[in-house]
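These notes concern the structure reproduced below.
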Amino acid sequence: MSRFFSEKYKDLEPYVPGEQPQDMQYVKLNTNESPFPPSPSALYYASEAARPANLYSDPDCTQLRKTLAESYGIGAENIICGNGSDEILNFAFMAFCDPRHPAVFPDITYGFYPVFAKLNGIMYREIPLEPDLSIDPARYIDSGMTIFIANPNAPTGKLLSPIQIEGILATNPENVVVIDEAYIDFGGISCVPLIKQYSNLLVVQTFSKSRSMAGARLGFGIGSEELIADLNTIRYSINPYNVNSYTAALGVGTLLDPEYTKANCATIMKNRKMFTKGLRDMGFEVLDSAANFVFAKHPLINGQEVYEKLKENGVLVRHFAKDRIKDYNRITVGTAEQIDELFGAIKRIWRIR
Ligand code: PMP
């Protein structure tokens, strides 16, 4: 730390992203990316966008928002785009939390939530997951706080239904409820239609997972026109050109080829079934997942050891040191070939048949 670093941030513990190793090729199952390339239509649109690169990008992402609006049956005024959904989530912490509206989220969830809260000097409360690592929606009724829930939750992969979320929305009319749907396209039911009924709902989604665009960085928020206007006040005070032209064009191209995304999600869901069964057959305990990853532990093998040994053998998975989940690893559902390689490595290392 330099002696110039602001007092405000001296105790900040930054988010630690999953490894993106550049030294060698791993079977990369640690950051829930799609194993499939972006849609050919996305690449076509991005190549078109390369031509006017001397000009700034459109700060309103007009075409992208229009295409998103058509895809979701909502208005363009209900949408804000961001540099990954991380950026939209940070905007939401900034816009909707203050001393009267502290933040609340589960104790086991996306690790960026407490970081965003601390970065912005926001008080927060963590509500423990149930013993089976599920979220009990009853614990968010009448919370009096700004609620952040990942649905499906990460890293557990467990899903709440729109009816359960509606219970939270209806009993927190004075508070914003942010539903982070980063993984909703892998079998969950989205809460987007509920924005018409609940002006306190902000749904956040991403192009990083189901839409094969993690490296392009594109996310979006969907909510009432008023909520979106607030987020835009924050965005225009930080970086109006937060989405670059290539990324916006990739996004449009991807949305215009929905069959491609749908087919890839179907493949991942099919592979998830096979993956879960295969791990269980080898003695792992695996939570039922509605995401493109599974959360698994072995009763006889330490979670840290699973991570380390697999890495030595060329397979990357994600381990969290947090006490309650340190026995587990979060493993991305990849292609059938990647799953075979992982299973092969597990059998070799621990001599499981
Ligand atoms: N929410 C959750 C629950 C996530 O796991 C992630 C991925 N790390 C994100 C949001 C952020 O994704 P991105 O910024 O790539 O859109």
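Ligands are counted one by one from 1 in listed order, and the atoms in each one are counted from 1 as well. Numbers for residues simply follow the sequence, beginning at 1.
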For [atom], grab the closest protein heavy atom and report residue, atom and distance to one decimal in Å.
| atom | answer |
| --- | --- |
| atom 1 (N) of ligand 1 | Asp180 OD2, 2.6 Å |
| atom 15 (O) of ligand 1 | Ser208 OG, 2.6 Å |
| atom 12 (O) of ligand 1 | Ser85 OG, 3.3 Å |
| atom 14 (O) of ligand 1 | Arg217 NH2, 2.8 Å |
| atom 5 (O) of ligand 1 | Tyr183 OH, 2.7 Å |
| atom 7 (C) of ligand 1 | Lys209 NZ, 3.2 Å |

(request) Heavy-atom contacts with Gly84 under 4.0 Å: which atoms of ligand 1 show up? List them by number with element. (result) 14 (O), 16 (O)
(request) Could you tell me if any non-hydrogen atom of Gly219 lies under 4.0 Å from any atom of ligand 1? (result) no
(request) Answer with yes or no after comparing the ring centroid distance for Tyr328 and Phe320 against a 6.0 Å cut-off, counting only values under it. (result) no
(request) Take Phe220 and Phe207 through the ring pair (Phe, Tyr, Trp, His ring centres under 6.0 Å) test and state the conclusion after the steps. (result) CA-CA 8 Å; Phe220 54 102; Phe207 280 70; 5.6 Å; yes
(message) Could you check whether Arg318 and Asn329, counting side-chain N and O atoms only, form a donor-acceptor pair closer than 3.5 Å?
(response) no
(message) If hydrophobic clusters are built from ILVMFWY residues whose side chains come within less than 4.5 Å, do Ile108 and Leu89 share one?
(response) no
(request) Fit a plane to each ring of Phe105 and Phe93, take the angle between them on a 0 to 90° scale, and name the class: parallel (under 30°), tilted (30 to 60°) or perpendicular (over 60°). (result) perpendicular
(message) Check the orientation of Tyr183 and Phe186. Use parallel for under 30°, tilted for 30 to 60°, and perpendicular for over 60°.
(response) tilted
(request) Apply ring pair (Phe, Tyr, Trp, His ring centres under 6.0 Å) to the pair Tyr110 and Tyr15, showing each step before the final yes or no. (result) CA-CA 10 Å; Tyr110 184 31; Tyr15 176 71; 5.7 Å; yes
(request) Could you check which of Tyr110, Tyr113, Phe293 puts a non-hydrogen atom nearest to atom 10 (C) of ligand 1? (result) Tyr110
(request) Would you kindly specify which portion of Asp86 sits under 4.0 Å from ligand 1, judged on non-hydrogen atoms: side chain, backbone, both or neither? (result) both
